[in-house]
Amino acid sequence: MIDAVGPPPIIDTHTHLDDPAFDADRAAVVDASRSVGVRHFVNIGYAPDRWESSRELRETHPDVDIALGLHPQLASKFDAGLMSELKQAIDVLAPVAVGETGFDFFRSAPSFDEQVRAFRGQLEMAASRGLPVIVHQRDASDELIVELENWPNLAPIVLHSFDGTQRLAEWARDRGCYIGIGGLATRKSSKSLRELLARIPVDRLLLETDSPYLAPPGSASRRNSPANLPTIAAALGPLWNLSGEELCQLTSKNAMGLFGLTDGN
Ligand SMILES: [Zn+2]
């Protein structure tokens, strides 16, 4: 997978290219990303309408793969009907992972009970199918550890756009979780986050943008894009004594193994 010439392969393991923020120029964003070396995009469908738009995107883009789940901020919608819809979507559309799911206690709603029910339902779907689970976590490091301790036999866990406590970082390292890194960690205010990330082994790192969110500082637009990944990799590589190119190579290998991606699919 290493090119003799041209940019190193890059995989954006967490993007929302189906977001309306890209409606006006989606094709141009995808082309610009490909031209800087982005080889695969994992588009995260986090709500029922996004499952469909993710599917459409994959249908027209051979380098797009999808994950399907329900975002924790939408957990109050997770009733029996939606659970069976999601199961069916997973079985029919064959995503590379379940998610993003998890815990988000930044706001007072949805309630803890609603988030637990939705998270457990999705962990069960991932476990029974042997699929990786992509976890969103905000202000919930301890609760996340408690819950995931109940699931010792999950396929790999991805902590996307990692922003947890030292305790969660250490737990994740012991558990062998994959850690998503992107624009957030490049911010000036993220010094302590960078210190935690530097102790994560390189074979567990994944590059991601979470675009259109989390634009890195200094980027031309407030809208993030997978085309920013070379800049993000160059900024973060030194945490592991790597160049940006080396970080791209390593994280691409990690992502391809984790999600079962093949070159040229
Ligand atoms: Zn996301």
Side-chain angles (χ1 to χ4, degrees), residues 10-23 26 29-30 33 38 40-58 64-75 77-78 86 89-90 93 95-107 110 115 118-119 122-123 125-126 131-141 144 156-164 168 172 177-187 190 193 205-216 219 221-229 232 251 255 258-259:
I10 301 170
I11 298 176
D12 191 343
T13 60
H14 195 117
T15 180
H16 302 283
L17 286 172
D18 55 333
D19 194 277
F22 296 113
D23 280 355
R26 185 168 290 108
V29 169
V30 169
S33 304
V38 181
H40 288 276
F41 307 84
V42 180
N43 199 76
I44 313 293
Y46 61 77
D49 58 325
R50 298 299 185 94
W51 306 338
E52 179 55 24
S53 50
S54 295
R55 181 193 67 76
E56 284 170 11
L57 194 69
R58 184 180 65 177
V64 168
D65 288 282
I66 62 174
L68 301 176
L70 187 74
H71 196 284
Q73 284 170 358
L74 304 172
K77 298 185 192 310
F78 194 84
L86 177 54
I90 290 171
L93 302 180
V96 296
V98 173
E100 56 188 305
T101 178
F103 287 146
D104 190 327
F105 300 138
F106 183 65
R107 296 184 187 84
Q115 294 198 38
F119 191 21
Q122 292 174 79
L123 289 171
M125 289 178 212
L131 285 170
V133 60
I134 296 174
V135 172
H136 167 107
Q137 178 283 129
R138 192 166 185 197
D139 293 347
S141 287
L144 186 65
I157 299 163
V158 177
L159 301 184
H160 118 76
S161 190
F162 184 84
D163 188 22
L168 180 60
C177 296
Y178 287 83
I179 301 292
I181 55 171
L184 181 69
T186 66
R187 293 182 181 170
S190 298
L193 171 60
L205 299 173
L206 301 172
L207 272 180
E208 61 162 87
T209 56
D210 205 13
S211 47
Y213 309 106
L214 301 178
S219 50
S221 163
R222 283 181 60 94
R223 184 185 69 170
N224 201 358
S225 153
N228 288 328
L229 281 171
I232 290 169
T251 53
L258 168 65
F259 295 125

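Numbers here are sequence positions counted from 1. Start at 1 and go down the list; that is how both ligands and their atoms are numbered. Small disclaimer: the values here were computed from a predicted structure and weren't measured. Side chains are part of it too, since the values below use all heavy atoms of this structure and drop only hydrogens, waters and symmetry mates.
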Can a salt bridge be assigned to the pair R26 and D23 using a cut-off of 4.0 Å between side-chain N and carboxylate O? yes
Give a yes or no on whether H71 keeps an N, O or S atom under 2.8 Å from the Zn ion (ligand 1). no
Measuring to the Zn ion (ligand 1), does H16 have an N/O/S atom at a distance below 2.8 Å?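 An N, O or S atom of H16 is closer than 2.8 Å to the Zn ion (ligand 1), so yes.
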Restricting to N/O/S, name the atom of E100 that gets closest to the Zn ion (ligand 1). OE2
Kindly assign one of parallel, tilted or perpendicular to the pair F103 and F105, based on the angle between their ring planes and the thresholds 30° and 60°. parallel
Y178 ring center within less than 6.0 Å of H160 ring center: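 No, ring centres 6.0 Å or more apart.
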Have a look at S211 and tell me which of D19, N228, T15, N224 forms a side chain to side chain donor-acceptor pair (under 3.5 Å) with it. T15
Hey, what's the angle at the Zn ion (ligand 1) spanning NE2 (H14) and OD1 (D210), nearest 10 degrees? 90°
